Amino acid sequence: MTIDNIIIAGARNAVSELYDVRISEDQVTLQETRKEFEGQITIVSFAFTRFSKKSPEQTGAEIGEYLLQNTAQVTGFNVIKGFLNLSISDGYWIRTFKSEILKPEFGQFAANGKKIMVEYSSPNTNKPLHLGHIRNNLLGYSVSGILSAYGYDVFKVNLVNDRGIHICKSMLAWQKFGNGETPESSGLKGDHLAGKYYVLFDKEYKKQIEELRISGKTEEEAKRVAPIIVEAQTMLQKWEANDSEVINLWSKMNSWVYEGFDITYRKLGVDFDKYYYESNTYLLGKDIVNEGVEKGVFFRKDDGSVWIDLTNDGLDQKLVLRADGTSVYITQDLGTAQLKYDDFKMDESLYVVGNEQDYHFKVLFLILSKLEKEWAKGLHHLSYGMVDLPTGKMKSREGTVVDADDLIDEMVDTARQRTEELGKVDGLSEQERSSLYQMIGMGALKYFLLRVDPKKQLLFDPNESIDFQGNTGPFIQYTHARIKSVLAKAPHLLGLEITHTELTLSERELIILLGNYPKIIKVSANEYSPAQLANYIYELAKMYNKFYHEEPILKAAKEEERIFRLQLSSAVAAVLKKGMRLLGIDVPEKM
RNA sequence: GCACCCAUAGCUCAGCUGGAUAGAGCAACGGUUUUCUAAACCGUCGGUCACAGGUUCGAAUCCUGUUGGGUGUACCA
């Protein structure tokens with residue numbers, strides 16, 4: 001039983017005994033006592049005045065007195081306005097520290113027997129990854145870790161968008177302008193090579209549109225009849241007809257791109273249990289459409305196209321199959337959803353996709369539940385905001401993107417400079433140094449992106465480098481390294497029994513904050529929000545640094561203090577490390 | 001037009017069952033190292049929580065409206 005539950009139970013008994021009213025658990029509001037007052041847990045007792053018919057102060061005092069008499073852990077109280085501040089015995093905090101926080105599995109929930117699939121990344125194979133994709137990948141990876149810590153059995157999958165007109169654009173431009181260029185011959189990473197031709201296509205396309213307009217066509221018509229776009233469409237048709245030449249080109253370019261993606265994924269430290277490819281799934285979904293027509297959920301128009309009417313749900317009519325019988329995006333997604341369920345039989349499924357697709361997923365989930373798919377109620381969309389630049393939106397075609405590989409390299413390079421300036425690399429081998437720079441640079445980048453509420457759009461200014469001080473990844477990494485350095489000086493104290501009985505203010509605060517870790521995991525998991533966890537870890541690191549300055553650890557007067565403070569430090573380091581791992585960030589032993 | 005998301009310090013962000021005097025970091029200014037790592041710590045400066053109503057003992061938080069920003073509303077994916 002947690003202390004919160006003990007206090008809630010005590011408060012319910014108090015109200016029942018004193019005022020003869022039975023109240024439910026959620027009628028008792030608890031909060032942490034503000035720093036300026038004595039105590040650790042506060043009961044907000046305004047609501048109880050209804051039952052006591054007395055002033056908030058008097059009501060609080062009566063309940064406080066009751067708890068003091070009847071609840072062993074409560075050692076004192078004070079009432080300020082309607083706030084009943086309770087002091088909990090140091091013995092209780094120390095016992096909690098020893099019996100829970102110090103355990104290696106602290107923060108890992110028992111398996112809940114549920115399977116969840118997390119789909120993230122979902123790149124297009126016509127261009128390299130940019131900063132927006134980094135946010136997606138980090139969110140997906142981190143949420144997967146958090147869900148796993150919360151007790152889920154997690155499957156990470158990547159649905160690769162490897163077909164369609166946009167892929168043909170890169171292919172066509174390469175065919176026309178590439179002169180057989182390869183990653184080897186050009187020294188370009190495969191995904192960057194494909195991206196280069198995607199941009200070239202767009203340039204040529206725009207040029208042709210302009211020429212057609214000068215010759216008197218409307219913009220709309222020009223866009224439709226420009227030779228290069230017509231060629232790309234022809235190529236897509238050939239691809240769908242299994243034309244061997246097109247398929248070979250497609251395989252070749254895709255393999256370059258995958259090699260490039262793998263490098264970026266490795267640098268980001270993300271991975272997947274399974275890949276799905278749209279080239280395999282794009283024909284799926286037609287069975288579901290038929291099923292929907294039979295069930296009367298969908299209807300067919302005169303031209304043969306199939307629709308669903310969602311106007312009663314506040315949405316629009318939506319096309320689910322073209323008149324010529326071919327699939328649209330939502331058809332595919334219906335089919336893919338079924339396929340994924342058939343493969344994994346998961347209880348829940350999370351799609352990590354930008355908020356520009358909110359409407360799409362609303363429709364998708366609604367259709368599946370109308371089709372009476374039992375599993376549809378387990379589908380969720382982790383909708384995150386765009387990453388914007390001060391100049392506005394990033395656009396691949398126009399080259400106004402922050403490239404993922406460039407940014408990563410830059411971060412690692414900055415980490416190297418800072419670390420060398422601080423002279424912290426003495427005694428490290430070349431390899432240790434480079435792995436440290438990698439860890440710190442990526443830590444700064446990942447924390448920067450994950451500390452912000454996923455649903456908010458995020459501003460990135462390329463002219464202002466990401467900080468390494470204050471509320472940052474490196475600050476937390478530093479705190480971890482700092483603790484490790486102290487621990488290394490007296491390892492024998494870690495195994496000794498804690499006999500300490502009285503806590504200083506900062507010791508008590510640290511234990512309470514450490515004790516909140518499981519709650520934070522729960523909230524982060526339920527809300528799919530690594531930001532909650534990130535901000536918690538920062539608070540913990542900050543509080544530890546304060547403690548570190550205030551209290552001597554190895555230089556404490558009494559041995560029992562040295563033992564306790566060292567083990568407290570060790571527990572903080574463990575939670576920092578675990579928490580950061582769930583954000584996909586590693587922490588160094590030294591920095 | 002309609003729908004969804006967002007608006008808190010100069011900047012970037014916390015603030016989560018409605019609760020006490022709204023918090024951090026950065027930036028600016030000042031201080032702390034013969035003591036366990038100064039990527040740290042302490043202090044000063046900085047707020048009409050977009051605006052206007054409403055609900056409540058109590059609102060940054062809930063409701064309504066307005067303004068501003070973003071996104072969507074494709075037989076693109």
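The figures that follow rest on heavy atoms only: side chains count, while hydrogens, waters and symmetry mates do not. The structure displayed is predicted, hence computed values, not measured ones.
- Listed by chain and number, the residues in a salt bridge (Lys or Arg N to Asp or Glu O under 4.0 Å) with Asp453(A) are Lys455(A) (sequence neighbours excluded).
- RNA chain B lies under 4.0 Å from at least one heavy atom of each of the following residues of residues 545-557 of chain A: Asn545(A), Lys546(A), Tyr548(A), His549(A), Glu551(A), Pro552(A), Ile553(A), Leu554(A), Lys555(A).
- Looking at Tyr275(A) and Asn280(A), their side chains never bring a donor and an acceptor atom within 3.5 Å of each other.
- Comparing atom distances between the Tyr478(A) side chain and each of A39(B), A14(B), C13(B) picks out A39(B) as nearest.
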Which atom pairs link the protein and nucleotides 17-19 of chain B when you take only N or O atoms and keep those under 3.5 Å?
from: U17(B); atom 1: O4; to: Leu30(A); atom 2: N; distance (Å): 3.4

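- For Gln469(A), counting side-chain heavy atoms from C-beta on, the closest listed nucleotide (A40(B), C6(B), G25(B)) is A40(B).
- Of the residues in residues 559-568 of chain A, not one comes within less than 4.0 Å of RNA chain B through any heavy atom.
- With the nearest nucleotide of RNA chain B identified for both Arg482(A) and Glu36(A), Glu36(A) has the one nearer the 5' end.
- Judged by distance alone with a 3.5 Å cut-off, a donor-acceptor contact links the side chain of Lys424(A) to the base of U37(B).
- For C16(B), its base sits under 3.5 Å from the side chain of Gln532(A) at one donor and acceptor pair at least.
- Below the 3.5 angstrom threshold, one finds a donor paired with an acceptor across the side chain of Thr419(A) and the base of A39(B).
- A cation-pi geometry, defined here as NZ or CZ lying under 6.0 Å from the six-membered ring centre and within 45° of its normal, does not hold between Arg451(A) and Tyr538(A).
- With distances taken from any side-chain atom of Val452(A) to the nucleotides A14(B), A20(B), A39(B), the minimum falls on A14(B).
- Comparing Asp358(A) and Ser529(A) by the nucleotide of RNA chain B whose heavy atom lies nearest to each, the residue mapping closer to the 5' end is Asp358(A).
- If you take OG on Ser524(A) and OH on Tyr517(A), they are separated by 9.0 Å, rounding to the nearest 0.5 Å.
- With U37(B), G70(B), A20(B) as the choices, the nucleotide that has an atom nearest any side-chain atom of Lys81(A) turns out to be A20(B).
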Give the dot-bracket line for RNA chain B from 5' end to 3' end: parentheses for intra-strand Watson-Crick or G-U pairs under 3.5 Å, square brackets for crossings, | for inter-strand pairing, dots for unpaired. (((((((..((((.....[...)))).(((((.......))))).....(((((..]....))))))))))))....

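- Nearest nucleotide to the side chain of Arg418(A), out of C5(B), A39(B), C16(B): A39(B).
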Would Asp4(A) and Thr2(A) satisfy side chain to side chain donor-acceptor pair (under 3.5 Å), going step by step from the backbone distance to the final call? CA-CA 5 Å; Asp4(A) 286 4; Thr2(A) 66; 5.3 Å; no

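- Thr125(A) and Asp162(A) form no side-chain donor-acceptor contact under 3.5 Å, judged by distance and modelled atom types alone.
- Counting any heavy atom pair closer than 4.0 Å across all strands shown, Ala481(A) reaches a base atom.
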Tabulated below should be each protein N or O lying under 3.5 Å from an N or O of nucleotides 71-77 of chain B; please produce it.
from: U73(B); atom 1: O2'; to: Asp316(A); atom 2: OD2; distance (Å): 3.1
from: C75(B); atom 1: N4; to: Asp303(A); atom 2: OD2; distance (Å): 2.9
from: C76(B); atom 1: OP2; to: Arg322(A); atom 2: NE; distance (Å): 3.4
from: C76(B); atom 1: OP2; to: Arg322(A); atom 2: NH2; distance (Å): 2.6
from: A77(B); atom 1: OP1; to: Arg322(A); atom 2: NH2; distance (Å): 3.4
from: A77(B); atom 1: OP2; to: Tyr329(A); atom 2: N; distance (Å): 3.3
from: A77(B); atom 1: O3'; to: Glu278(A); atom 2: OE1; distance (Å): 2.7
from: A77(B); atom 1: O2'; to: Asn161(A); atom 2: ND2; distance (Å): 2.2

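- The base of A20(B) sits within donor-acceptor range of the side chain of Thr42(A), with an N or O pair under 3.5 Å.
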